[in-house]
Each structure stands twice: as C-alpha cells, then as structure tokens.
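Residue numbering restarts at 1 for every chain, and letters A, B, ... go by the order of the sequence lines.
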Amino acid sequence: MFIRSTTALAAVFLLSAAPLSQAADKPTDPQIAHIAYTAGVLDVEAAKQALKKSKNKEVVDFAKDMVRDHEAVNKQALDLVKKLKVTPEDNPTSKALTKAAAEERAKLAKLKGAAFDKAYVASEVAYHKQVNGALETLLIPSASNAELKSLLETGLKIFQGHEQHAEHVAGMLK
Amino acid sequence: MMSRRNLGVALALAMGAAPAKADTIEVTIEKLVFSPAKIEAKVGDTIRWVNKDVFAHTATVNGAWEVMISPKKAASLTVKKAESVDYFCRFHPNMRGHLTVTSP
Ligand SMILES: [Cu+2]
C-alpha cells in the first residue's frame, strides 16, 4: 500500500537530483533548509496520526520518539536559520514531499489495528530511507553554509537511526 | 607503640595490595556518537555518559541493562560484574559502543 507513494517519492528525488550536473540547479541554502524542515514536520504529522490510531505499545513508543527527535532537530534548524538570517524558501521538492505525505496519511487513515501498525512502520522505514538518500546525495553536498551542513549531517545520523529503529519495530510486528 | 594510622597501613600491607579504588569513566555523547567508543572498567567502577545532544539517548545491552540519558544531562551506571559487551542506543541503533569490565 505504501509502495506506490514511496516510488513517487523516489521519482521526486530523482527528478530533483537529476539536474545536479548543472551546478546552477543545486538547491540553495534557503531551499535546503525548507526541505529538511519540511521532512521533519511531515514525519511528526505521520507520528501524530499513529499516536491517535495505534494501540500497540512498540508503535506508540516509536511514534513518540519520532515526535520528540524531529521537533528537537527542527528547533535547532529554526534557531540556525534565525542566526544566519536565512528565510527558508518553498520549492518543488518540499511541495512534492508534502503531497506524497498527505497521500500516505490518507491511505493509512483507512487502516485499523495491526494492518495500520504494519503499514505505518513500513512507511516509516521507506520514508526515512528516502530522506537519507536525499540528504546524502543532494542536500548535504549542496549546502554551502558550514553550520547548515553540520546540522544536516546530524540530521542524517538521526534519520539513519530512526530507519534502523523502524526496521526493528517492523521485525517485532511480524 | 604504633599510631593508629601506621596500624592501618600495616594491616593493608598484611592483606596484600589495597583494593584499587573505584574510578569513574566518562563517555561523551555528541552528534550521536559515543566517545570513546570503547571503554574498559573494573568491577565497582562507574560509567558516566554525558549527553551533549538535544536528543534523548540510551546505553542499552539487549536483555541485560539500559541507562536512559536525557538531553543535555548525564547518567551513570556502576558495573557489578566482569563482562565484555556491545551496547547501543535503542532510539538510534546506529549509535554503538563497547564496554569491557574486568575483575579488580
Ligand atoms: Cu540515541
């Protein structure tokens, strides 16, 4: 069920990664900040849906971890953009991410119980994998400000950790 | 006549080497990294994790023990038995460390 939107997400990153050969098309720092912040907000929204719907302790604990960590990263991101006097700028990648996440939430909304738990956790694995790919191949290499780059690198480690954590939870739901 | 202090020293000498005093071994957590990643301790020592991140972490050994380390806080564990274990953060399993505890 989540597979289709994952493919859509992959296509989005592929599209945005494709013009990398032309340096002029690299995302700017204000765009990168917007994409990274949006990726965090979307995962918090997914977690809040899970907190409303799930009764599985592992899933609920995982969702709480997602809210806590992504809100902490995004607070750092907001502090940084304020300090750097950068205004995050909306862009096609952020828009596509937001659209794909809304579709995913609509699909998950129709599921209940164990079916929801499995689909949510599988979707979290896929989502973190996609964001990791974007951070590694596009966002981190494109960031020009050193502090922004460093925050993205910490963000990458957080996302990689969450991916492994989600895989672990997925294993327990089997 | 032996002073009380000398008596104490004599007793300690008679019993062999005085037991090693317990140490505190500090591990810093910064940007999701335990450093140093590998630590050695003696039974009775205390491991103290100092979390410089804004994220909560844990030091966890599956099926054995777990220490919760709140953001910007420190947490400690006194090691009670000799063992050599890998530990990790349950929230971010990509964070890994190794602890070797030897008998004093
Ligand atoms: Cu952690």
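With a 4.5 angstrom heavy-atom cutoff, A:Gln76 touches chain B only via side-chain atoms.
Proximity to chain B at a heavy-atom threshold of 4.5 Å picks out A:Lys157, A:Ile158, A:Gln160, A:Gly161, A:His162, A:Gln164, A:His165 from residues 156-174 of chain A, in numerical order.
Rounding to the nearest 0.5 Å gives a distance of 12.0 Å between CD of A:Glu71 and CZ of B:Phe55. Note that CD of B:Glu30 is 9.0 Å distant from OG1 of A:Thr154, once rounded to the nearest 0.5 Å. Rounding to the nearest 0.5 Å gives a distance of 7.0 Å between CZ of B:Arg90 and CG of A:Asp65.
Atom CD of B:Glu40 has 12 or fewer heavy atoms from other residues, nucleotides or ligands within 6.0 Å. More than 12 heavy atoms of other shown residues, nucleotides or ligands fall within 6.0 angstrom of atom NZ in A:Lys149.
Residues B:Val61 and B:Ile47 are members of one and the same hydrophobic cluster, defined by side-chain heavy-atom contacts under 4.5 angstrom among Ile, Leu, Val, Met, Phe, Trp and Tyr. The hydrophobic clustering, which links ILVMFWY residues whose side-chain heavy atoms are closer than 4.5 Å, places B:Val27 and B:Val33 apart. Under the 4.5 Å side-chain contact rule for hydrophobic residues, A:Leu135 and A:Leu80 share a cluster. Connection of A:Val73 to A:Leu78 is not established within any shared hydrophobic cluster, with ILVMFWY side chains joined at heavy-atom distances below 4.5 Å, either directly or through further cluster members. B:Val54 and B:Leu32 fall within the same hydrophobic cluster, defined by Ile, Leu, Val, Met, Phe, Trp and Tyr side-chain heavy atoms under 4.5 Å apart, directly or through other members.
The side-chain heavy atoms of B:Phe91 and A:Arg68, taken from C-beta on, include a pair separated by under 4.5 Å.
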